[in-house]
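All ligand and atom numbering here is 1-based and tracks the order in the structure. Heavy atoms only: backbone and side chains are in, while hydrogens, waters and symmetry mates are out.
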Amino acid sequence: MSSLLRDNINWVGHIDWDVRDFHGYRTERGSTYNAYLIRDSKTALIDTVKSPFSAKLLADISAFIDPGKVDYVVCNHAEPDHSGGLPAVMAACVSAELVCDAKCRDALSAHYDTAGWKWRIVADGDNISLGRRTMVFIETPMVHWPESMFTYIPEEKLLFSMDAFGQHYASAHRFDDEEPLDVVMGEAKTYYANIVMLYGSQIAKVLDRASNLAIEMIAPSHGVIWRKNIPVILGAYRDWVVCKPKPKVLVIYDTMWKSTEMMAGAIAEGAMEKGVDVKVLNVRSTHITTLATELLDCAALAVGSPTLNTTLMPQMAAVLTYFKGLRPAGKAGVAFGSYGWAKGGPGAVAEYLKAMKVDMVRDPIECRFVPGAAVLGECRNAGGALGAKALTAGR
Ligand code: FEO
């Protein structure tokens, strides 16, 4: 396995083949925690790994250099999947300065016992010479936390991009051209949708800054390193930061006795008649991670829940709470569902959608117990309206 990015710049991270849950995100293909070692007149470690893998990280560093001789440990992002190894690393790298911005020092100090750490606080645009190469620091707030930053090596046209452009994707190879591009891009999309969709405007600024840099390689903190398909991932991010819609209608629902499921089917039929792509997903058989990924680029969504105890079903409440936090932009939508002796489910769904600033094409479609021809006709019409919106938006 080649871990060499450039002369004397090596990947020293960890491949986590086994992880399947990343604070609720379903990581079907595992992940990697990427750390990088730059050996020059000075030596720098860029980021660490999750804490259980600290010993392996130190062993990998030791294959190249005595950890006691590392000069700088750069922390681009304080989240524990990248900073968890810092206590062990800082204990072993006795000469090293911990390089980060002021917000990162604050965050790290709230996570770890940092007594004895030597800090080197940097700000946007600062740089540190390693000899032949220079580390330039670019603050990227909210990509993914407030303290996040990129480290750029201009002499190598190499950008260490932390979470940005990453994927939860464990693989034997380290580079994008060594793995199937469709799979990697699918995981990059899932990552974007579930981790940073709500920070689209901040990421757009980062993309603008990145466009002014000469870049031949992007080394994120998760997944493969981009060296061949950089325009592909940057182009995809340009679309994702604005939730650019495809001509696609997403129908998601929960159901108790199949009434809401029948309504979902009729909405899907109406949308399909417009010739758009339609996805119909039951929230109890589709993971929330997949639902968020489908949400990112749909033009319209129909969300259905039966009424349980005068409100929506609990699993749908969880999905909509997640969606609301991700702040998808520019979607059309409709709420639907059944009730028995008391209303509440579809109305509660509609409130969530309105809070997400969804452009509602009509009032909630409600049916008492089992939908008859009239209600199913309403559903088909609503599906048609969403399909028409998706056709226009997806052009
Ligand atoms: Fe991969 Fe925001 O940590």
Side-chain angles (χ1 to χ4, degrees), residues 11-36 45-54 56-57 73-87 89 98-101 103-112 137-151 159-171 174 184 187-203 205-207 218-226 233 237 240-241 288-289 292-293 296 322 325-327:
W11 177 88
V12 288
H14 180 74
I15 306 169
D16 193 346
W17 297 98
D18 192 42
V19 64
R20 289 294 179 273
D21 186 304
F22 199 95
H23 54 54
Y25 176 144
R26 181 84 184 154
T27 48
E28 285 294 343
R29 291 189 171 91
S31 192
T32 71
Y33 316 110
N34 295 339
Y36 303 95
L45 175 69
I46 310 286
D47 291 318
T48 70
V49 294
K50 265 188 181 174
S51 59
F53 311 119
S54 308
K56 181 184 167 296
L57 171 63
V73 175
V74 176
C75 181
N76 281 326
H77 180 20
E79 193 164 10
D81 50 329
H82 309 295
S83 70
L86 277 177
V89 164
L98 191 290
V99 181
C100 65
D101 66 21
K103 285 175 286 186
C104 190
R105 176 172 60 181
D106 177 58
L108 292 174
S109 300
H111 279 80
Y112 310 110
F137 306 103
I138 302 168
E139 291 186 294
T140 58
M142 304 319 297
V143 187
H144 153 228
W145 279 12
E147 85 302 340
S148 303
M149 69 178 191
F150 290 171
T151 299
L159 183 69
F160 295 102
S161 65
M162 175 256 314
D163 278 348
F165 315 118
Q167 332 93 49
H168 281 314
Y169 181 59
S171 60
R174 301 277 59 82
V184 172
E187 291 299 339
K189 179 183 174 187
T190 301
Y191 189 92
Y192 182 91
N194 284 274
I195 299 287
V196 289
M197 189 196 298
L198 69 163
Y199 303 125
S201 59
Q202 290 94 331
I203 296 171
K205 288 181 196 149
V206 166
L207 290 174
I218 297 177
S221 293
H222 297 288
V224 297
I225 298 159
W226 302 95
I233 187 66
Y237 261 63
W240 296 338
V241 293
I288 203 166
T289 307
T293 308
L296 174 63
Y322 189 52
L326 290 172
R327 293 185 218 155

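The NE2 atom of His82 and the OD1 atom of Asp163 subtend an angle of 80° at atom 1 (Fe) of ligand 1, given to the nearest 10 degrees. For the pair NE2 of His222 and OD2 of Asp81, the angle whose vertex sits at atom 1 (Fe) of ligand 1 is 80° to 10 degrees.
Heavy-atom minimum distance, Asp47 versus Asn34: CB-O, 4.0 Å. Shortest non-hydrogen contact noted between Gln167 and Pro220 is NE2-CG, 4.2 Å.
With respect to atom 2 (Fe) of ligand 1, His144 has ND1 as its nearest N, O or S atom. Taking atom 2 (Fe) of ligand 1 as reference, the nearest N/O/S atom within Glu79 carries the name OE1.
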Apply side chain to side chain donor-acceptor pair (under 3.5 Å) to the pair Asp81 and His222, showing each step before the final yes or no. CA-CA 10 Å; Asp81 50 329; His222 297 288; 2.9 Å; yes

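Using cut-offs of 30° and 60° on the angle between ring planes, the pair His144 and His77 is perpendicular.
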